[in-house]
Amino acid sequence: MAAASSPAAITCRAAVAWAPGQALVMEEVEVAPPEAMEIRVKVISTSICRSDVTQWQSTAQPDLFPRIFGHEASGVVESVGDGVTEFEVGDHVLTVFIGECMSCKHCVSGKSNMCQKLGLERKGVMHSDQKTRFSIRGKPVYHYCAVSSFSEYTVVHSGCAVKVSPTVPMDRICLLSCGVSAGLGAAWKVADISEGSSVVIFGLGTVGLSVAQGAKLRGASIIIGVDTNPEKQEKGILQACNFNLNFNYDFFPYTYFVHGTGKAFGVTDFINPEELNEPVQQVVKRLTNGGTDYSFECVGDTGVVSTALQSCSDGWGLTVTLGVPKAKPEVSAHYALLLSGRTLKGSLFGGWRPKSDLPLLVDKYANKEIQVDDLVTHDMSFNDINKALELMLENKCLRCVIHMPQ
């Protein structure tokens with residue numbers, strides 16, 4: 001229910017991007033009170049997603065700076081705006097970059113998570129009034145995905161938050177507000193992987209490994225991981241995904257592979273295309289007698305989409321693309337790939353409807369039915385957020401969780 005008295009603006013610290021690609025600067029920002037149907041959230045934990053880095057570096061929207069990035073977060077409701085009945089002060093929540101209004105055509109259809117009122121926000125403002133809730137010395141600071149979790153406090157639409165149990169660890173379930181859910185949903189909801197099937201995954205980051213986990217839990221028999229990162233291969237990080245490799249665990253820098261998580265996620269074969277003398281799709285076809293039942297593009301490279309299509313089987317092969325491209329957003333593929341019966345399908349947030357579906361994933365995590373913890377390779381303080389961005393840029397982490405000061 002709404003607070004008894006109207007909340008006032010508050011001042012807090014936020015990591016502000018003043019220009020594309022420039023280091024974030026810790027600033028004192030003013031956070032306005034929540035407007036109607038909005039909530040103000042004290043951020044507890046926020047993890048860095050690849051799309052944060054991509055958009056931070058992008059020069060496509062230079063006018064949307066200064067800006068506060070971050071969208072994969074958990075927090076506690078600090079205050080509520082008029083009309084909010086779903087949340088109370090003190091509720092634990094996950095923020096989500098797409099909302100669910102429960103009333104638009106898409107929401108009531110049960111067929112889509114593309115809410116017409118609270119869809120992906122690209123203008124750096126709030127859905128409701130197209131204004132910002134952040135300012136520095138009276139000047140507006142733009143939002144990212146209507147979340148902006150690289151701040152001690154943020155304001156989100158109540159339709160872009162999901163209430164969670166206070167018993168689940170907030171520094172781990174924040175991953176469910178984007179990356180892990182996107183991968184699991186792509187496997188379960190979008191592709192609907194069947195038992196005994198074959199799968200190839202291009203890109204073994206958080207999303208790709210979550211696809212692998214989803215495929216394993218569905219009973220896929222072959223799960224091929226494809227990644228070209230030479231540094232990861234040199235360190236044995238991705239090689240650990242291959243059951244037949246011998247390696248010394250003592251030299252592993254990341255705990256998720258120390259505990260055999262690559263194997264636990266279900267990847268049965270690893271391919272580095274840069275070490276091949278033939279196209280990767282030919283290797284995949286040879287391993288799977290003509291192509292996989294499902295292929296997933298998790299790189300964020302539209303050029304990989306065609307390779308993924310060629311890697312799946314004639315007649316029924318399904319390719320799902322999840323990655324956010326850094327450049328060249330157009331997809332190009334020979335028409336014969338589709339004429340032969342293959343299907344290309346897009347996936348946003350794994351097809352999950354945030355309010356309807358995310359509580360199920362939180363329950364699965366709480367019941368140890370899905371893995372999340374092993375995808376966190378680093379825990380860092382808010383003051384070290386630029387170091388966390390560097391780790392992501394250098395491909396030295398999967399997910400880095402930023403712990404906000406309490």
### Query
Counting only N and O atoms by type, is there a donor-acceptor contact under 3.5 Å from the side chain of Arg353 to the main-chain atoms of Lys111?
no
### Task
Consider only side-chain N and O atoms of Lys285 and Ser313, and report whether a donor and an acceptor are under 3.5 Å apart.
no
### Task
For the residue pair Glu330 and Thr302, confirm or rule out a side-chain donor-acceptor distance under 3.5 Å.
no
### Query
So do the side chains of Ser74 and Ser45 get within less than 4.5 Å of each other, counting heavy atoms only?
yes
### Query
Is any side-chain heavy atom of Arg399 less than 4.5 Å from a side-chain heavy atom of His378?
no
#### Entry: From Leu389 atom CG to Cys400 atom SG, the distance as rounded to the nearest 0.5 Å
8.5 Å
### Task
Output yes when a side-chain donor or acceptor of Asn367 lies under 3.5 Å from a complementary backbone atom of Asp363, and no otherwise.
yes
### Distance-minimising heavy-atom pair for Val267 and Ala212
CG2-CB, 3.8 Å
## Note on the structure
The reported gap from NE2 in His157 to CD in Glu121 (rounded to nearest 0.5 angstrom) is 12.0 Å
### Task
Applying salt bridge (charged side-chain N to carboxylate O under 4.0 Å, His left out), run through Glu369 and Lys364 and close with a yes or a no.
CA-CA 5 Å; Glu369 296 174 40; Lys364 284 185 176 294; 3.2 Å; yes
### Task
For Glu72 and Ser47, test the side chains for any donor-to-acceptor distance below 3.5 angstrom and give the result as yes or no.
yes
#### Entry: Residue pair Asp314 / Ser340: nearest heavy atoms and the distance that separates them
OD1-OG, 3.6 Å
### Query
Can you list the steps and then say if Val199 with Asp293 is a side chain to side chain contact (heavy atoms under 4.5 Å, CB included)?
CA-CA 6 Å; Val199 175; Asp293 299 302; over 6 Å; no
### Task
Give the intermediate values and the outcome of side chain to side chain contact (heavy atoms under 4.5 Å, CB included) for residues Tyr294 and Thr343.
CA-CA 10 Å; Tyr294 309 95; Thr343 300; over 6 Å; no
### Task
Flag the pair Val362 / Leu176 as yes when at least one side-chain heavy-atom distance between them is below 4.5 Å, and no otherwise.
yes
### Task
Write down the atom of Pro354, the atom of Val162, and the distance for their closest heavy-atom approach.
O-CG2, 3.6 Å
### Summary
Closest non-hydrogen contact found for Val372 with Arg172 is CG1-O, 3.3 Å
### Query
From Ser148 OG over to Arg67 CZ, what is the distance, rounded to the nearest 0.5 angstrom?
7.5 Å
#### Entry: Derivation and outcome, side chain to side chain contact (heavy atoms under 4.5 Å, CB included), residues Asn272 and Asp227
CA-CA 5 Å; Asn272 185 343; Asp227 202 289; over 6 Å; no
### Query
Do the side-chain N and O atoms of Gln22 and Trp56 include a donor-acceptor pair separated by under 3.5 angstrom?
no
### Task
Hey, can you tell me if Tyr144 and Phe69 have their rings parallel, tilted or perpendicular (30° and 60° cut-offs)?
tilted
### Task
Decide whether Tyr365 and Asp373 meet the rule of one side-chain donor and one side-chain acceptor closer than 3.5 Å.
yes
### Task
Would you check if Glu152 and Pro405 make a side-chain contact, meaning some heavy-atom pair closer than 4.5 Å?
yes
### Task
Would you confirm whether the ring centroid of Phe296 sits within less than 6.0 angstrom of the ring centroid of Phe202?
no
### Query
From Glu30 CD over to Glu28 CD, what is the distance, rounded to the nearest 0.5 angstrom?
11.0 Å
### Message
Taking atom CE as the centre, does Met114 end up with more than 12 heavy-atom neighbours from other residues, nucleotides or ligands that are less than 6.0 angstrom away?
### Response
no
### Message
Can you give me the closest heavy-atom contact between Thr319 and Ala308, atom names plus distance?
### Response
OG1-O, 3.4 Å
### Query
Which heavy atom in Phe65 sits nearest to a heavy atom in Ala17, and how many Å separate them?
CD2-O, 3.3 Å
### Query
Do Thr292 and Ser198 have a side chain donor and acceptor closer than 3.5 Å?
no
### Query
Just by distance, with hydrogens left out, do Asp52 and His71 show a side-chain donor and acceptor under 3.5 Å apart?
yes
### Side-chain touch Ile271/Leu287, heavy atoms, less than 4.5 angstrom
yes
### Message
Could you go through Glu35 and Lys131, starting from their C-alpha distance and side-chain angles, then the distance that decides it, and tell me whether this counts as salt bridge (charged side-chain N to carboxylate O under 4.0 Å, His left out)?
### Response
CA-CA 11 Å; Glu35 297 291 340; Lys131 296 179 180 179; over 6 Å; no
#### Entry: Heavy-atom side-chain contact between Thr307 and Leu309 under 4.5 Å
no
### Polar contact flag, side-chain donor to acceptor under 3.5 angstrom, Glu297-Thr321
yes
### Message
Any heavy-atom pair between the side chains of Ile402 and Val43 that's under 4.5 Å?
### Response
no
### Query
Is there a side-chain contact between Ser210 and Leu375 (heavy atoms, below 4.5 Å)?
yes
### Message
Is a donor from one side chain sitting under 3.5 angstrom from an acceptor on the other, for Gln55 and Ser51?
### Response
no
### Query
Is there a donor-acceptor pair closer than 3.5 Å between any side-chain N or O of Thr268 and the backbone N or O of Ile223?
yes
## Note on the structure
Residues passing the side chain to side chain contact (heavy atoms under 4.5 Å, CB included) test with Gln406, sequence neighbours excluded, are Lys42, Ile44, Met404
### Query
Where does the angle between the aromatic ring planes of Trp352 and Trp188 fall among parallel (under 30°), tilted (30 to 60°) and perpendicular (over 60°)?
perpendicular
### Query
What distance do Leu318 atom CG and Arg342 atom CZ have between them, rounded to the nearest 0.5 Å?
12.0 Å
### Message
Taking the six-membered ring for Trp, are His143 and Phe134 closer than 6.0 Å centroid to centroid?
### Response
yes
